[in-house]
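A short worksheet on the structure shown next.
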Protein chains: 2
Amino acid sequence: MASKHNDIACDYFLNNPTSIFYPLSEEEKKELFNNHVCTVYKKGEIIFKEGDKPTGLICLSSGKVKIFKEGVGGREQIVRMSSPLGFIGYRALFAEQNYSGSAVALEDSVVCILEKEALYKVMRSNADLTMRMMKKMANELGISNTRTVSLTQKHIRGRLAESLLLLVDTYGLEEDGKTIRAYLSREDLANLSNMTTSNAIRTLSTFASENLISIDGRKIGILDMKKLERVSDMG
Amino acid sequence: MASKHNDIACDYFLNNPTSIFYPLSEEEKKELFNNHVCTVYKKGEIIFKEGDKPTGLICLSSGKVKIFKEGVGGREQIVRMSSPLGFIGYRALFAEQNYSGSAVALEDSVVCILEKEALYKVMRSNADLTMRMMKKMANELGISNTRTVSLTQKHIRGRLAESLLLLVDTYGLEEDGKTIRAYLSREDLANLSNMTTSNAIRTLSTFASENLISIDGRKIGILDMKKLERVSDMG
DNA sequence: GAAAATATGTGTTATAAAACATTTTTTTTA
DNA sequence: TAAAAAAAATGTTTTATAACACATATTTTC
């Protein structure tokens, strides 16, 4: 029998009021629940690799996950950061393609995988659910297009500032109201911002010297959100 | 009474075997047909602007359209090139947002707009259609993510080569089997490839001197597809 | 707890591509 | 068809950022 913990992870997804599955009928939820698998990933573990075939809809129940693509000479570009209640790899699933990027847990994470056939069965009989899913994807496509422009046109400072704001947006702040609730390596921060690790380090230091942020190892505090937004917008 | 021409443009969309609307019932097609508007745009005309509110699903019946975003300092980045039987602005429609980019006709174009409410009505009652639409969008999201990496990581030569191949892919070749069936300005080519116009011109000349392509004004011929692909892949 | 591996920090150099400046050609308009 | 405007072409300079090199922490592993 599957562990209680796993059932909780799946429950969390199906019954959370903010989940797109929330309005489903009990029968539909049961169909999904009966065809789910939960998995725990340790920090640094690979959830899927570019080229793998999706088997279902991966729902992140807890933890943090980066989705990235390998570019020129194996250089990594982080495409998206996933937070609890988010989907992972759903693009490839719905495009009926193999994964076009890889997913790695940035900290210990629990995912719940809704088996593809069961999900499709429910979606085919529930167009509203499908519409909600589509809305989610349309939203992400907008973010992706915006990111393309930011990453290509903004200068290093603007790109890094945008990444910091993205992290705040995705993971929020700690109780102190300033520390970003995400502890990335400088390398990940660089790969998120399309720059070399050296430049991420350097620019981070500059931001600190300008009192935009505070740095304590991987703990980054936002000291001046307004100014940081201005730096992000300026390019 | 609407012009015959307009009805043909809409018919083209609903009844083409490659259209996602093809498998609809006659009743569903009628619902969409009865709630469509067709418009003709001259070369250079704006179809919609960033910030406008979508009123329906814009289907390109004939012509060529660029979809672009304004970035830092008004610098234009072409996000996508649309060809006949493609949708325009559907992302914003399904995300229920205002347009996040603008669309301009690159040559005289005819579009058929399926009114939002009618479309939603049909989609809500036809999950298969919604799934097909979602597949289309998932596909585009993949392209967008790939483009982000290409545009940020590849060097100028790689980016321009990729753009030329994208144009071949989207619009095909003329009867001679080599001329790209799309006649963009150097500026558009640059905005598609994330570079300055000067650099697009220069790199195009270099490609010609290397016998990768032939240039005759805006008429670009592919002389060595294999090599061009290699240039694109090399970064 | 020493050794190794990994991550962070900083200065220097090299370079790809933007910015700028003209000139020439083509297209549009009057 | 002349004049004006726009697009294309090309050379030169500047600059942002990668690449490189090395020093110093910090974490992991044996």
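To find a chain, count down the sequence lines: A is the first, B the second, and so on, and within it residues start at 1.
Checking each of A:V65, A:I67, A:L184 against A:M81 for a side chain to side chain contact (heavy atoms under 4.5 Å, CB included) leaves exactly one that passes, namely A:L184.
Using a 4.0 Å cut-off between charged side-chain N and carboxylate O, B:R91 and B:E140 make no salt bridge.
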Pairs: protein N or O with nucleotides 19-27 of chain D N or O, under 3.5 Å:
none

Could you walk me through whether B:I113 and B:H36 pass side-chain contact (heavy atoms from CB on, under 4.5 Å), step by step?
-> CA-CA 5 Å; B:I113 304 171; B:H36 88 268; over 6 Å; no

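Residue B:L184 contributes atom CG, which lies 13 Å from atom P of D:dA7 at whole-angstrom precision. Between B:L151 atom CG and C:dA17 atom P there is a gap of 12 Å when expressed in whole angstrom units. For the pair B:K154 NZ and C:dA16 P, the interatomic distance rounds to 18 Å; values are reported in whole Å. To the nearest angstrom, P of C:dA16 lies 17 Å from CG of B:L160. Rounded to whole Å, the distance from CZ on B:R157 to C1' on C:dA16 is 13 Å. To the nearest angstrom, C1' of D:dA8 lies 11 Å from CG of B:L204. Between the P atom of C:dA19 and the CD atom of A:Q153 lies a distance of 10 Å, rounded to the nearest Å. Straight-line distance from the CD1 atom of B:I220 to the P atom of D:dA7: 16 Å, rounded to whole Å.
For the helix from C:dG1-D:dC30 to C:dA30-D:dT1, the terminal axes (five pairs an end, C1' atoms, rotation from four pairs onto the next four) enclose an angle of 50°, given to 10 degrees.
Side-chain atoms of B:Y183 and B:E107 form no donor-acceptor pair, as typed in the model, at a separation below 3.5 Å. Judged purely by distance below 3.5 Å, without hydrogens or angles, the side chains of A:Q97 and B:N139 pair a donor atom with an acceptor atom. For the 3.5 Å distance criterion, the side chains of A:S185 and A:R218 fail to qualify, holding no donor opposite an acceptor. For the residue pair A:N191 / A:R186, no side-chain donor-acceptor distance below 3.5 Å is found, with atom types taken as modelled. Inspection of the A:S232 and A:K154 side chains reveals an N or O donor paired with an N or O acceptor under 3.5 Å.
Among the nucleotides C:dT10, C:dT8, C:dA17, the one closest to the side chain of A:S185 is C:dT8. Comparing D:dA9, D:dT17, C:dG9 by their nearest atom to the side chain of B:I201 picks out D:dA9.
No donor-acceptor distance shorter than 3.5 angstrom exists from the side chain of A:D108 to the backbone of A:K42, with no hydrogens or angles considered. Using modelled atom types, one side-chain atom of B:D224 and one backbone atom of B:K227 make a donor-acceptor pair closer than 3.5 Å. Checked by atom type and distance alone, the side chain of A:S19 pairs as donor or acceptor with a backbone atom of A:F13 at under 3.5 Å. Checked by atom type and distance alone, the side chain of A:T152 pairs as donor or acceptor with a backbone atom of A:T148 at under 3.5 Å.
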Along nucleotides 22-28 of chain C, 5' to 3', which nucleotides get a B, which get an S, and which get a -, given that the test is a protein heavy-atom distance under 4.0 Å?
-> -------

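For A:R159, a side-chain nitrogen or oxygen approaches OP1 or OP2 of D:dT17 to under 4.0 Å. A sub-4.0 Å separation between OP1 or OP2 of D:dA8 and a side-chain N or O of B:R218 is present.
Looking at heavy-atom distances under 4.0 Å, A:N194 makes contact with sugar-phosphate atoms alone, never a base.
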